[in-house]
Structure formats: structure tokens, C-alpha cells
Protein chains: 2
Amino acid sequence: MPRHRQEATLDSLVTRVPTHGQTKGEHILETLQSFAQATPAGTLLPSERALADHFHVSRMTVRGAVDELESKGFARRVPGRGTFVNHPQLTHSETFRSFSDDMRLRGLEPGSVGYRASTRRATRSIAASLGVEVGAETLHIERVRTADGEPMALERTNVSLERFPGLRSQMSPDQSLYDIIQRIYNIRLESARQRVSIVRLSAPDAVKLAVAEGEPAFLVERTALDNMGRVVEFGRSLYRGDRYAIEMHVGTPGARPLS
Amino acid sequence: MPRHRQEATLDSLVTRVPTHGQTKGEHILETLQSFAQATPAGTLLPSERALADHFHVSRMTVRGAVDELESKGFARRVPGRGTFVNHPQLTHSETFRSFSDDMRLRGLEPGSVGYRASTRRATRSIAASLGVEVGAETLHIERVRTADGEPMALERTNVSLERFPGLRSQMSPDQSLYDIIQRIYNIRLESARQRVSIVRLSAPDAVKLAVAEGEPAFLVERTALDNMGRVVEFGRSLYRGDRYAIEMHVGTPGARPLS
DNA sequence: CGCCTCTTCTGGTCTAGTCCAGTATCTCGA
DNA sequence: TCGAGATACTGGACTAGACCAGAAGAGGCG
């Protein structure tokens, strides 16, 4: 039966080779997500039954993948009509992004200046936040994160060197810490506790961010956890109040499909 | 087989009468959630198989309910061990709360002073945000929200009077707008787009919030949607930067069970 | 006493169906 | 021409099983 709206064909779904150790559901999710990202919003995805045939899995497995796709904001289900491609425009609160990904999502080019890394013994407060013992070796990284070349945030972060030996030499000034931890140690950072407050910038911090002393900024205190719930990183970042805004979608993701 | 840790018994799960029109999964979710709220964190829930027997449903149905329970932060699954009761401590980003609920969760008593409601014709920008026509009747509400009697936020909000006729007379200065809309019109506000930025307070706003002119504050611009994705409310609130902090958990909720 | 293996438990993933309520389109008759 | 059904579709909810890996008690053996 002819469908009037733009519809994705099954052929256009490049069935990639499953990555090692992946479940079928994860494989389908990744395939659908990369498809959705390369497709205009509002496109009708193949039906769940068709996808099940295409991937040679049961419909429940497809539903699991589409559930996640929807919760990430890349799809929107409409009962009786189908599932539509959606492009999440806001930082959907369910997904936790690195600075680099955050900037790219805003259409800005992430960068970094003034990178300084040092090995430090954990103080009591750092040890408590990081879940290590007082005096344990930690890597402290400070850098100014830029967006399109202009200072956006001053990032200070702490990672346990006992959990990530050799991280200091693997780390590169311009890259996302999360990407490196994921690539080298195969640990996915997938959730974080964050506390956002307002502070006025001290003179040295203001200089680094290229604004006047006393200007207000967001102080983001973040504890990032891996999929086992273990603390991976504890950091405090200062985001320029005149350039940065937190955009979020709380609750069910909900951009409606075109008409 | 004896279990050493504190474990919930099936008898303690009060199998309430299913509310009209509810699915089995929703019923199980509600039962488990109210149970979790009345139980110390770390308690071991009955296994999925036992719950399936207890509720006379298949395990997949139980899993669906526990999935949601976990995503709301009330449970934490541990493979091989079981599912543990969890009490979400931070504003979990998946749930969207009213000012009143937000304050109560922080252990503060919500209140309100300086309530002013007026009927206004929608300007172009309000009309666009609210999804009504220019000139349509809207209710504009301004009030200072207090926490333990002290000013916390200056709330300005707009609601369509065409969708909620008679809202003005139903509204009471001290109550949550969301509660009233839910009670009177049976519409659940379940998601919102929010944009949080930093502004310096103007002289009149500073007076209302009892702080000095020019002090920084959070500007929260919020568009609240109902379960159909229709705009219900559009508002701008100013939260005192010296009293308020945004606490959130992004990604998978993850307080680990006790040991 | 301590270690190691066996067994039983847990949640994680998946299958191959079922029935239902909406949506959209096609077709036929007034 | 236009509206009313019939029909073929969609996702939503659910069933009753399956197999797996990891966790943890239970016993036995050195």
C-alpha cells in the first residue's frame, strides 16, 4: 500500500557487522540511531514488524531498541501511524554529554587552551568525592574549554590514577576526557550527579575566561559514574554566564512529528 | 533458601484494587512504587519471577514495570543479586516537578506572597510560545514564591484561558498551578522544555526578592507540555542565585544499594 | 579452618506468538 | 461528489516459555 509521507526503506538501513560482544538489541539501536541522524526529521521509520523481519529478530527485541531510541529523543512513536525520526534539539536530560559533544550539539566547535595536568595526592574532600583513600594518586586537569575559539568554560577535574594508570600520558589537551576513558579503558560514562549554582568569578578565573572580575558564572559540580555506579570523575567547571545557558527537556521527550 | 539481607515479603505488597482503565503494568508499577516509598532503601525486592507469580502476569510484564520503577529512581537492579529499593535524593531529571514539590523535596516549606493575576491579550511572542492566536485571552500570574517564608523565586507565568476557562477563579495564591490544572481539568503536566541562564536582577525584581539590585539570578524559561505534547504553560521565573541550586541526575539513575 | 566446587538463585536477553485500539486508505453506494 | 464501511496497517500490551552469565549460599575436602 502506498504511503504518502516520506518513508524510509529497509534497503537504506545499512546492516552493519555487529561489533564484538554486542547484543542484538544494541546492534539494532546503533543502526537505527545512525540512520536517524542521517535522515531528515519526520521521516517515517519502517514498522516494528518490518524491522523484526529485516534484522531476523522478534518484534519484542525491536521494541526494546526503539524504546531506547525514543528515550534518547531520536524517534517518536505515534500509535496507529508509525514511528518517526526525530532530531533532539535540546540537551535531553536523559543523555549525559561531554563538553565536546555538548558544544557540537549547539553547532559550536569545541577546543581547549591552557591545558595543565598534575599528579596530586587526594585531599580528604577529593578522596570522599572520588571514592578513593586519602593520599591516593589522582590526576588533576585544568583547562579552558573554548567554543568557536572563544573561552566558554574553565574546567577542573580529578580522576583516580589507581583506576586509570597511565591516563596522564594518554590524555590529550584537546580531546574529551570521556572519549579517552571510553576508548582506552573501555568504560562508558553514562550518568552523573550535577549541582549547578551561581558564583561570581575571582580575578584569576575571570582572566582565564576573558571576562571582568565579579561577573556571574555557572558553577557546575559534577560526579560522573560508570555503568556500575562507581565514581570515575569529580570536577568543578565554571561556565561563563554571558555565553552559556542550560537547555534541557525534563520528562517524556516530546517533539511532535511534522503534522 | 535464607536470605541474609533485609528482604521484602510478597505478603507485604498490598495488592490494591486496580484503578479503572489501568494496564496491568501500570498497576504493578504503582504498587511497587508506593511500597518502595514506604520501605528503607537497600531492601531487597522480591525477584521478578516471584512478582510475576504474585500478580498473575508474565515476567515480561513485571520487567516492564520494574524498568520504569528503575528509571524513576525507586529501584536499582543488580544482576545476579536482585532488585533493591532506592530513594531518589536528587531532582532526578526524568521527573518534572512544580515549585511546591521541588521545595518539599528539599525539606523546605513552599509558600507564596504578592499574588497578582490578570487577564491579558496574548502578545505575538506569548502567543507563539503558548500555541494560541495573537490577542487570545490568557491568564498572567505573578507571585513571589517563598521557601520557609523567605523569598526564593519570582514566578511569572502565562496560561491560555481558552483552554482553561474559569482558571482565574479556581486559582489560589498559595497552591501549585500544576496541581490545580491536574485536579480541575484532569490534565497531567508531564514534561517541559527549560532554558536556564544567568541574569542580573533589575531594581524592582531585586526588591521583590529581597536582595540587592544587580545580584545574579537564574532565569528559568519554561514551556510545560501535557501528555499529548500540547503547550499548557509558558513562564519565566527568577531564582535567587544565593539561595537556589539546580541539582540533577543525568543519565541512568544510580545510587548503589547498601554494600 | 580455609578453599573450592556444586547448585540455586538473580537479572539480561530473546523468541514467537496473541489480542487490542487507533489510523489511514480504498471502495462502493447514495 | 461525497460520506460510510470495510480493510489493512500501526504501535501497545501481554503471554509463556527459553538460554545465559554472574552472585552467593551449601558442602565437602584437605
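Note on naming: letters A, B, ... go to the chains in the order of the sequence lines (proteins, then strands), and numbering restarts at 1 for each one. Predicted model only: the values in this text are computed from it and were never measured.
- Looking at A:Glu48 and A:Arg77, a side-chain N of the basic residue comes within less than 4.0 Å of a carboxylate O on the acidic one, giving a salt bridge.
- For the 3.5 Å distance criterion, the side chains of B:Glu233 and B:Thr157 qualify, holding a donor opposite an acceptor.
- Salt-bridge annotation for B:Asp102 and B:Arg106: present, with a side-chain N of the basic residue lying under 4.0 Å from a carboxylate O of the acidic one.
- Under a 4.0 Å N-O distance rule, the pair B:Glu137/B:Arg121 qualifies as a salt bridge.
- Sparse packing is recorded around CD of B:Glu133, with 12 or fewer heavy atoms of other residues, nucleotides or ligands lying under 6.0 Å away.
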Protein N or O to nucleotides 11-15 of chain C N or O, pairs below 3.5 Å:
{"unit_1": "C:dG11", "atom_1": "OP1", "unit_2": "B:Thr83", "atom_2": "OG1", "d": "3.2"}
{"unit_1": "C:dG11", "atom_1": "OP2", "unit_2": "B:Glu48", "atom_2": "N", "d": "2.9"}
{"unit_1": "C:dG11", "atom_1": "N7", "unit_2": "B:Arg49", "atom_2": "NH2", "d": "2.5"}
{"unit_1": "C:dG11", "atom_1": "O6", "unit_2": "B:Arg49", "atom_2": "NH2", "d": "2.9"}
{"unit_1": "C:dG12", "atom_1": "OP2", "unit_2": "B:Arg63", "atom_2": "NH1", "d": "2.9"}
{"unit_1": "C:dG12", "atom_1": "OP2", "unit_2": "B:Arg63", "atom_2": "NH2", "d": "3.1"}
{"unit_1": "C:dG12", "atom_1": "OP2", "unit_2": "B:Arg77", "atom_2": "NE", "d": "3.0"}
{"unit_1": "C:dG12", "atom_1": "N7", "unit_2": "B:Arg59", "atom_2": "NH2", "d": "2.9"}
{"unit_1": "C:dG12", "atom_1": "O6", "unit_2": "B:Arg59", "atom_2": "NH1", "d": "3.2"}
{"unit_1": "C:dC14", "atom_1": "OP1", "unit_2": "A:Lys24", "atom_2": "N", "d": "2.5"}
{"unit_1": "C:dC14", "atom_1": "OP1", "unit_2": "A:Gly25", "atom_2": "N", "d": "3.4"}
{"unit_1": "C:dC14", "atom_1": "OP2", "unit_2": "A:Gly25", "atom_2": "N", "d": "3.3"}
{"unit_1": "C:dT15", "atom_1": "OP1", "unit_2": "A:Lys24", "atom_2": "NZ", "d": "3.0"}
{"unit_1": "C:dT15", "atom_1": "OP2", "unit_2": "A:Ser58", "atom_2": "N", "d": "2.7"}
{"unit_1": "C:dT15", "atom_1": "OP2", "unit_2": "A:Ser58", "atom_2": "OG", "d": "3.3"}
{"unit_1": "C:dT15", "atom_1": "OP2", "unit_2": "A:Thr61", "atom_2": "OG1", "d": "2.6"}

